[in-house]
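Report on one structure; see the data block that follows.
In listed order, ligands and their atoms are each counted from 1.
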Amino acid sequence: MINNELIIGQELELTVEKLIYGGQGLARFQGNTIFIPSSAVGDKLKVQITSVEKNFFQAKILQILEPSIDRRTPPCEYFEECGGCQLQHLNYNAQLQAKADFIKDSLKRIGRFDWQNTLEIIHSNEFNYRNRTQLKIERTSSPIGIGFYKEGSHKVCNIENCLILAKELNQALEALRKSEKEISLSEIPYSKIDLIKGNLEISASQIVAGLSSNAIYQRVLDIDYYFDPGCFFQVNQYLLNSLIEIVVGERTGKIALDLYAGVGFFALQLAKNYQKVIATEVNKKAEFWATHNMKVNNISNVEFFSFSTEKWLGKFSRKFSGVDLVVLDPPRVGIIKKTLLSITEMRPKEIVYVSCDPSTLARDLRVLVDNGYKLVSIIGVDLFPQTYHIETVAILKRA
Ligand SMILES: C[S@@+](CC[C@H](N)C(=O)[O-])C[C@H]1O[C@@H](n2cnc3c(N)ncnc32)[C@H](O)[C@@H]1O
């Protein structure tokens with residue numbers, strides 16, 4: 001129930017109970033729910049109401065009366081202005097705890113699972129991890145803005161250096177700024193620039209000339225992956241091996257399906273352990289690179305279909321009844337119920353579901369569990385330190 005007596009501008013004192021997915025703190029005041037950005041569990045705060053929504057209020061911190069033990073001084077000078085990171089004010093252990101809680105909370109609220117088993121969050125370096133990023137360019141400001149969107153806006157936060165980018169990308173950003181003197185950025189015909197760390201040197205003039213739209217490659221566990229900025233590729237350079245270890249690991253068998261395959265990140269590793277791998281990918285560019293990657297790595301037991309998963313299931317699912325493994329790694333929106341039911345009807349022995357959104361994962365796991373599968377483990381992988389995002393891998397076996 002909302003107590004409508006709370007109004008914009010009102011000042012309150014409260015204690016933060018928990019963090020919610022999105023990174024804001026949640027506190028209660030006289031039965032009302034109040035969300036506060038950049039707060040920490042246990043903070044005693046003086047806040048001011050900034051907006052009144054249907055079921056909650058937004059507030060901003062006026063004063064930290066007693067800081068939470070989870071707090072640290074945000075290491076990034078742009079924190080709170082730049083929209084990229086939400087958790088820089090928390091020490092890294094507190095970030096990992098918050099992410100385990102995001103996953104458990106979604107499982108409970110959305111999936112109706114009371115997960116009592118361990119929920120480990122695999123992690124690595126908390127800084128300099130991103131191997132790709134998209135810089136935004138704002139030509140209407142002087143000097144021209146290069147950086148990321150500000151929180152809640154399409155205005156660019158001008159940055160010199162970003163703590164979560166790989167050092168090579170920060171070097172490319174610096175070079176890009178220097179090149180501004182020689183090549184007017186105002187002449188670049190686009191407002192976004194992809195920086196991708198590959199096994200290629202990136203120079204500013206190449207970036208400005210648009211060379212970053214050429215192929216990039218990265219080697220992961222003996223496989224060379226070529227791709228271009230139009231394709232998905234996992235962003236955390238330190239956790240690529242771990243992700244493959246969790247999804248592929250020691251699994252072996254006759255047939256594995258990788259139904260959202262990208263440029264073949266999992267499919268080409270699965271090919272080492274399975275006699276045959278079938279992969280589907282709807283993005284034609286990604287499917288092009290996936291086929292190329294198969295060839296350059298001399299892999300012949302993967303068959304790529306340049307179809308949507310739905311279309312592939314409609315045509316072929318009957319032929320693949322009882323396969324050993326199905327890997328699902330859909331976009332954030334997850335998978336529609338009809339598609340999940342086509343998958344359960346195929347009766348695969350094991351399903352490994354990789355997700356970057358705990359809410360849609362919890363929803364989809366409920367469908368799988370209601371249709372013959374048992375949830376055997378859940379592992380978080382912190383691919384996105386300093387942000388509220390978290391990758392989750394759920395492993396299900398036929399019940
Ligand atoms: C999160 S990415 C994962 C890619 C890959 N597993 C990896 O780790 O690099 C999801 C992929 O699913 C593809 N995709 C989206 N909708 C799809 C659909 N309906 N059918 C097949 N692929 C789809 C996207 O183009 C994207 O490459």
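Classified by interplanar angle (parallel below 30°, tilted 30° to 60°, perpendicular above 60°), the ring pair His389/Tyr21 is perpendicular. Between His89 and Phe79, the two ring planes are parallel [angle under 30°; tilted spans 30° to 60°].
For the ligand labelled ligand 1, residue Pro331 lies inside the 4.0 Å heavy-atom shell. Heavy-atom separations between Val354 and ligand 1 are all 4.0 Å or longer.
Of the candidates Leu259, Val282, Ile335, it is Val282 that places a heavy atom closest to atom 14 (N) of ligand 1.
By the criterion of a heavy-atom distance under 4.0 Å, neither the backbone nor the side chain of Cys356 is placed next to ligand 1. By the criterion of a heavy-atom distance under 4.0 Å, neither the backbone nor the side chain of Cys231 is placed next to ligand 1. Counting heavy atoms under 4.0 Å from ligand 1, residue Ser308 touches it through both backbone and side chain. If you look at Phe266 next to ligand 1, the close heavy atoms, those under 4.0 Å, all belong to the side chain.
In terms of polar-atom proximity, Gln234 is counted as a contact of ligand 1, with an N or O under 3.5 Å from an N or O of the ligand. For ligand 1, one of its N or O atoms has an N or O atom of Thr309 under 3.5 Å away.
Of the protein's non-hydrogen atoms, Tyr260 CB, 3.5 Å is the one closest to atom 12 (O) of ligand 1. For atom 10 (C) of ligand 1, the closest non-hydrogen atom of the protein is Asp329 O, 3.2 Å. Nearest protein heavy-atom neighbour of atom 27 (O) of ligand 1: Glu281 OE1, 2.8 Å. If you check which protein heavy atom lies closest to atom 19 (N) of ligand 1, you get Glu310 OE1, 3.1 Å.
Atoms of ligand 1 lying under 4.0 Å from at least one heavy atom of Pro330, given by number and element, are 1 (C).
Taking a cutoff of 4.0 Å between a charged side-chain nitrogen and a carboxylate oxygen, Lys44 and Glu13 do not qualify as a salt bridge.
Annotation: Arg318, atom CZ; neighbour count of heavy atoms from other residues, nucleotides and ligands within 6.0 Å does not exceed 12. Heavy-atom contacts from other residues, nucleotides or ligands closer than 6.0 Å to NZ of Lys272 number more than 12. For Arg347, the CZ atom counts as loosely surrounded, since its 6.0 Å shell holds 12 or fewer non-hydrogen atoms of other residues, nucleotides or ligands.
Checked against the 6.0 Å centroid criterion, the rings of Phe316 and Phe305 qualify as a close aromatic pair.
In this structure, Ile351 is not a member of the same hydrophobic cluster as Val327, with clusters built from ILVMFWY side-chain heavy atoms closer than 4.5 Å. Follow the hydrophobic side-chain contacts under 4.5 Å out from Val302 and you reach Leu221 in the same cluster.
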